[in-house]
Amino acid sequence: MKIATAFVFSLIITTLSISSSFSEDLPSGQEARVQQLIAIQKSLKPKYDTVQIPLAEATLQLGKDYYFLNSEDSRKVIVDAWKNPPSSANNVLGMIFKDGTNFADAQWGAVITYKPEGYVSDEDSKTADYDAVLKQLREGEDQENTDRAKQGYEPIHIVGWAQPPSYDPVRHTLIWAQNLHFGNQTDNTLNYDVRILGRRGLLSLNMISTMSSLPEVSAAATSLASLATYKSGARYEDFSPSADAKAEYGLAGVVAAGLGVAAAKKLGLLALLLAFGKKFFVFIFLAAAGLLGSVKRLFARRS
């Protein structure tokens with residue numbers, strides 16, 4: 001939070017100070033920070049249309065509505081721009097943003113990862129008790145918040161499902177979303193997850209935003225899930241019981257792992273659920289101050 005607060009302060013002061021001259025009366029640290037953000041934005045190489053994800057043997061048909069950043073550019077956004085720990089970008093294969101937005105003003109950014117953990121059976125699609133999974137996660141909440149307080153972080157409360165887990169048996173996609181409350185924030189945090197099942201593992205699209213953006217993020221999640229496909233031979237229906245490894249869990253296990261049930265008490269909710277959430281402390285603060293538009297104009301002016 002200390003990093004995020006400093007970033008917020010820097011952006012607010014910078015946005016209010018910039019007029020006709022970019023560096024007008026800006027303290028050197030603030031000017032350097034904004035120059036860094038602009039440099040990062042200029043260095044990114046967005047890709048449209050068809051994008052290959054080799055590790056997952058998958059393809060993204062993004063068209064012109066969305067764009068893709070590769071793993072190197074994603075690290076720049078996650079670590080250098082959003083000021084998350086370097087480990088937060090480990091195993092990130094790329095990111096997706098809506099066309100016309102950037103990392104400073106987007107309502108969401110989808111982080112792409114892949115887990116080659118084998119074929120996940122969907123036999124429990126009609127019997128999985130997802131509310132029990134959520135209840136299990138909540139059991140460690142008080143202890144987690146005690147630990148977070150010692151580290152100087154605000155408490156986090158799992159309000160409930162923003163969208164209960166739902167499984168599409170035709171496309172073999174599992175989608176769910178959590179409603180999370182941080183400290184005294186007035187707009188809760190939205191953690192949206194999309195899992196696309198394949199023959200050898202799971203392609204994951206994780207989106208962090210605010211609850212006020214639920215309609216937009218929900219629509220984007222559904223859209224992105226339909227744009228991702230596995231190549232022939234790696235599809236879910238290509239599974240061979242005699243030749244392929246099978247995951248030790250079903251759909252309920254996918255959600256449990258996504259929520260962090262197994263390791264919640266050990267690693268903490270922030271690291272498990274919101275590896276990219278610090279950026280949205282900035283968004284929440286800027287939105288409350290009415291400054292998101294100013295930041296967007298700043299980046300447009302300097303593009």
Side-chain angles (χ1 to χ4, degrees), residues 1-12 14-15 18 22 26 28-56 58 60 62 64-114 191-192 203-209 217 220 224 270-271 273-286 291-292 294-303:
M1 272 302 295
K2 293 180 180 179
I3 293 176
T5 302
F7 184 20
V8 171
F9 180 76
S10 175
L11 275 178
I12 290 175
T14 300
T15 305
I18 292 177
F22 174 68
L26 279 178
S28 58
Q30 293 172 12
E31 179 181 351
R33 178 61 176 144
V34 173
Q35 292 286 9
Q36 179 194 28
L37 294 175
I38 293 173
I40 291 172
Q41 179 65 26
K42 287 184 176 181
S43 72
L44 302 179
K45 302 177 180 63
K47 184 175 181 180
Y48 292 82
D49 299 316
T50 302
V51 174
Q52 304 296 333
I53 309 294
L55 180 63
L60 301 174
L62 300 180
K64 302 300 182 183
D65 294 329
Y66 306 99
Y67 66 88
F68 172 84
L69 298 179
N70 63 23
S71 58
E72 180 181 353
D73 281 351
S74 296
R75 178 170 287 274
K76 292 179 184 178
V77 172
I78 294 167
V79 178
D80 299 332
W82 291 354
K83 289 298 182 183
N84 286 286
S87 60
S88 297
N90 292 349
N91 303 318
V92 172
L93 303 179
M95 297 185 72
I96 301 174
F97 287 94
K98 184 178 180 180
D99 182 46
T101 68
N102 57 56
F103 64 80
D105 67 9
Q107 286 182 317
W108 56 267
V111 178
I112 305 172
T113 56
Y114 178 71
N191 185 21
Y192 228 102
L203 184 65
S204 170
L205 306 179
N206 180 252
M207 306 160 74
I208 305 292
S209 188
V217 180
L224 293 180
L270 182 66
L273 304 180
L274 297 171
F276 311 98
K278 286 184 179 179
K279 171 240 188 181
F280 284 94
F281 285 114
V282 177
F283 279 6
I284 293 169
F285 198 103
L286 289 177
L291 294 176
L292 273 177
S294 298
V295 174
K296 183 173 183 178
R297 287 191 294 273
L298 163 63
F299 272 81
R301 186 183 307 130
R302 295 292 159 178
S303 62

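Only heavy atoms go into these numbers, but all of them, side chains included; no hydrogens, no water, no symmetry mates.
- One side chain, D99 or Y48, offers a donor N or O that lies under 3.5 Å from an acceptor on the other.
- Separating the CD1 atom in I38 from the OG atom in S43 is a distance of 12.0 Å, to the nearest 0.5 Å.
- Legend: residues meeting salt bridge (charged side-chain N to carboxylate O under 4.0 Å, His left out) with D65, ordered by chain and number and at least two apart, are absent.
- Using cut-offs of 30° and 60° on the angle between ring planes, the pair W108 and Y66 is tilted.
- What you find for P86 and V79 is that their closest heavy atoms are CA-CG2, 3.7 Å.
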Check against side-chain contact (heavy atoms from CB on, under 4.5 Å), I53 and F68 = CA-CA 11 Å; I53 309 294; F68 172 84; 3.8 Å; yes
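- For E72, there are no side-chain hydrogen bond (donor to acceptor under 3.5 Å, both in side chains) partners at least two apart in sequence or on another chain.
- Atoms CG and CG, on L60 and D49 in that order, are 12.0 Å from each other to the nearest 0.5 Å.
- Considering CG of N70 and NZ of K45, their distance stands at 7.5 Å, rounded to 0.5 Å.
- Taking CD1 from I112 and CD1 from I96, the interatomic distance works out to 4.0 Å, rounded to the nearest 0.5 Å.
- Two residues are said to be in side-chain contact when any heavy atoms from C-beta on lie closer than 4.5 Å; K76 and L44 meet this criterion.
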task = Would you check, one step at a time, whether the test side-chain contact (heavy atoms from CB on, under 4.5 Å) holds for F103 with L37?
result = CA-CA 10 Å; F103 64 80; L37 294 175; 4.0 Å; yes
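- L69 is listed as a side-chain neighbour of F97, based on a closest heavy-atom distance under 4.5 Å.
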task = Could you go through the side-chain contact (heavy atoms from CB on, under 4.5 Å) check for S74 and V92 one step at a time?
result = CA-CA 7 Å; S74 296; V92 172; 4.0 Å; yes
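- Interatomic distance, N91 CG to Y114 OH, rounded to the nearest 0.5 Å: 13.0 Å.
- With hydrogens and angles ignored, the 3.5 Å screen pairs a side-chain donor or acceptor of Y67 with a backbone N or O of T101.
- Rounding to the nearest 0.5 angstrom, the gap separating the CG atom in N206 from the CE atom in M95 is 9.5 Å.
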